[in-house]
Visitor: 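This structure is in structure tokens; I'll ask about it shortly.
This structure is a prediction, so every number in the text was calculated from the model and none was measured.
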Protein chains: 2
Amino acid sequence: MSPPHPPTKEAIRAAAAKLFPVHGYIGTSVRDIAGEAGVDPALVIRNFGSKEELFLETMRLDDELGPLFDGPIEELGETFVEYMVDTTDRLRGMFLALVRASESDGVVPRLREMHDTAFVLPLQERLEGPDAELRARLAAALVGGLLYSMWVVQDTHLLQADRSDLVKRYGALVQQLLTPPS
Amino acid sequence: MSPPHPPTKEAIRAAAAKLFPVHGYIGTSVRDIAGEAGVDPALVIRNFGSKEELFLETMRLDDELGPLFDGPIEELGETFVEYMVDTTDRLRGMFLALVRASESDGVVPRLREMHDTAFVLPLQERLEGPDAELRARLAAALVGGLLYSMWVVQDTHLLQADRSDLVKRYGALVQQLLTPPS
DNA sequence: GTCTATAATTGGATAGAC
DNA sequence: GTCTATCCAATTATAGAC
């Protein structure tokens, strides 16, 4: 039997999950979260221990892996890049928040977890061979680099480039790690 | 005629240039900088206006582009990747500090400047053709992705991988953007 | 369980004497 | 130009009443 009204803890969690990806760790105060949740600021700390603990508990992907990328492996590179480039919602905010907060040691493992969940695993599970993991991690580095260029650096030239051309070129590079030309 | 004793302004600048790359923007207080420089904290603000101005003035590459990568263009991909992967000193700290501080709007242009100076331009000046800039920027994204994976995410699998194998694989991908196979 | 009030720290920035 | 002293703002976190 779960409580009928979502307890304040869930309201706080939801508020944090909404605000952190938009305004970042530093840009989101405990008071902001409490205000968004409609509760007293003291309850935030009381329920989660500290701001950082709340941040870490909120910045995870859980199951929202979205599509399973189960199409033909010959198109996986392009498909995957296209999905990542066009993702403008939650994953983007989480990526930016985690990267920018990665000065705190506690954040790095969580960033690694997001990186593995969102970038590495979807590719790795489709690959075979002894160096499958290495190739998947290199491909994940490629994808991360594109997101870094577009969202962190905000490379205007890339942002203004033709999307389909971008996806085609970059996807082809990723594809080479997935299905290397003999 | 330059002053015989380096003025305190230079001492402050040197201290900031030393501490920011190591401890980051948030992790470095004005008092830390003053302590390192052996001056009064008030002089830091007095000479540079604000902490952020000092940060922005310090986090630039100026001329320390190091080697000019003037070898044969057929090896540029590998050479460039090798150089970036093995760079453990100043550029690495600056990259991390700028990326992690990029939540401040004023930092993004400086990050873009570093990105262009260190990653894009050395490649772009060797390329030709109408889409030379796009290819150089895509190659820069690749390089940025490798640094992101190794230094921000701290992907242990990549960090423990054989360096020469890593450089060879990743360099080959960069190379394809520099000299595309017909 | 919830809220009021406040503690405690930190850090950026300023005023004014010397 | 340099330093002492201080201000001020913001924020996390806690204590204790209800």
Visitor: Can you tell me if the side-chain N/O atoms of B:T8 get under 4.0 Å from OP1 or OP2 in D:dT2?
Guide: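 Affirmative; the distance criterion is met.
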
Visitor: On DNA chain D, does the nearest nucleotide to A:I45 precede the nearest nucleotide to B:V39 from the 5' side, or the other way round? Give the residue.
Guide: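 Result of the comparison: B:V39.
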
Visitor: Ignoring hydrogens and geometry, is there a side-chain-to-backbone donor-acceptor pair from A:R92 to A:T87 under 3.5 Å?
Guide: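 No.
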
Visitor: By nearest nucleotide on DNA chain C, pick out whichever of A:N47 and B:R46 is the more 5' one.
Guide: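 Whichever sits nearer the 5' end wins; that is A:N47.
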
Visitor: When the distance from CD of B:E10 to C1' of D:dG1 is rounded to whole Å, what number comes out?
Guide: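 Value for this atom pair: 16 Å.
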
Visitor: Atom NZ of A:K9 and atom C1' of C:dT2: how far apart are they, to the nearest Å?
Guide: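 These atoms are roughly 15 Å apart.
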
Visitor: Does B:R31 contact C:dG12 through a side-chain donor or acceptor facing the base, at a distance under 3.5 Å?
Guide: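 For B:R31, whose side chain was compared with the base of C:dG12, there is a donor-acceptor pair (under 3.5 Å).
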
Visitor: Expressed as a whole number of angstroms, how long is the span from B:D40:CG to C:dA13:P?
Guide: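 The answer, rounded to whole Å, is 15 Å.
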
Visitor: Which nucleotide sits closest to the side chain of B:A42: D:dA5, C:dA13, D:dT2?
Guide: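 So the side chain of B:A42 is nearest to D:dA5.
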
Visitor: Tell me if a side-chain donor or acceptor on A:T8 pairs with a main-chain N or O of A:A11 at a distance below 3.5 Å.
Guide: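 The answer is no, because no donor-acceptor pair under 3.5 Å joins these two groups.
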
Visitor: Quick one: which of C:dG12, D:dC3, C:dT4 gets closest to the side chain of B:K51?
Guide: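 Among the listed nucleotides, the one closest to the side chain of B:K51 is C:dG12.
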
Visitor: Would you mind reading off the distance between A:L19 atom CG and D:dT11 atom P, rounded to a whole angstrom?
Guide: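 The distance from CG of A:L19 to P of D:dT11 comes to 14 Å, rounded to the nearest Å.
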
Visitor: Cation-pi check, A:K51 to A:F20: give yes when NZ or CZ is under 6.0 Å from the six-membered ring centre and within 45° of the ring axis, no otherwise.
Guide: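 No - A:K51 does not lie over the ring of A:F20 by the 6.0 Å and 45° rule.
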
Visitor: From CZ of A:F48 over to C1' of D:dT14, roughly how many Å is that when rounded to an integer?
Guide: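 Nearest whole value for this atom pair: 18 Å.
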
Visitor: Do A:R137 and A:D116 touch side chain to side chain, with heavy atoms closer than 4.5 Å?
Guide: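 SC-SC contact between A:R137 and A:D116 confirmed.
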
Visitor: If each of B:E52 and A:L43 is mapped to the nucleotide of DNA chain C with the nearest heavy atom, which maps nearer the 5' terminus, i.e. the 5' end?
Guide: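 Result: A:L43.
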
Visitor: In whole angstrom, give the distance that lies between atom CD1 of A:I26 and atom C1' of D:dT11.
Guide: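 Interatomic distance, CD1 of A:I26 to C1' of D:dT11: 13 Å.
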
Visitor: Specify the separation, in whole Å, of atom CG of A:D32 and atom P of D:dA13.
Guide: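 About 15 Å, once rounded to whole Å.
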
Visitor: Could you tell me whether A:D86 and A:R163 have a side-chain N and a carboxylate O separated by less than 4.0 Å?
Guide: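 Looking at A:R163 together with A:D86, the answer is yes, because their closest N to O distance falls below 4.0 Å.
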
Visitor: Using whole Å, what does the distance between atom P of nucleotide D:dT11 and atom CD1 of A:I33 come to?
Guide: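 Atom-to-atom, A:I33 to D:dT11, this comes out as 12 Å.
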
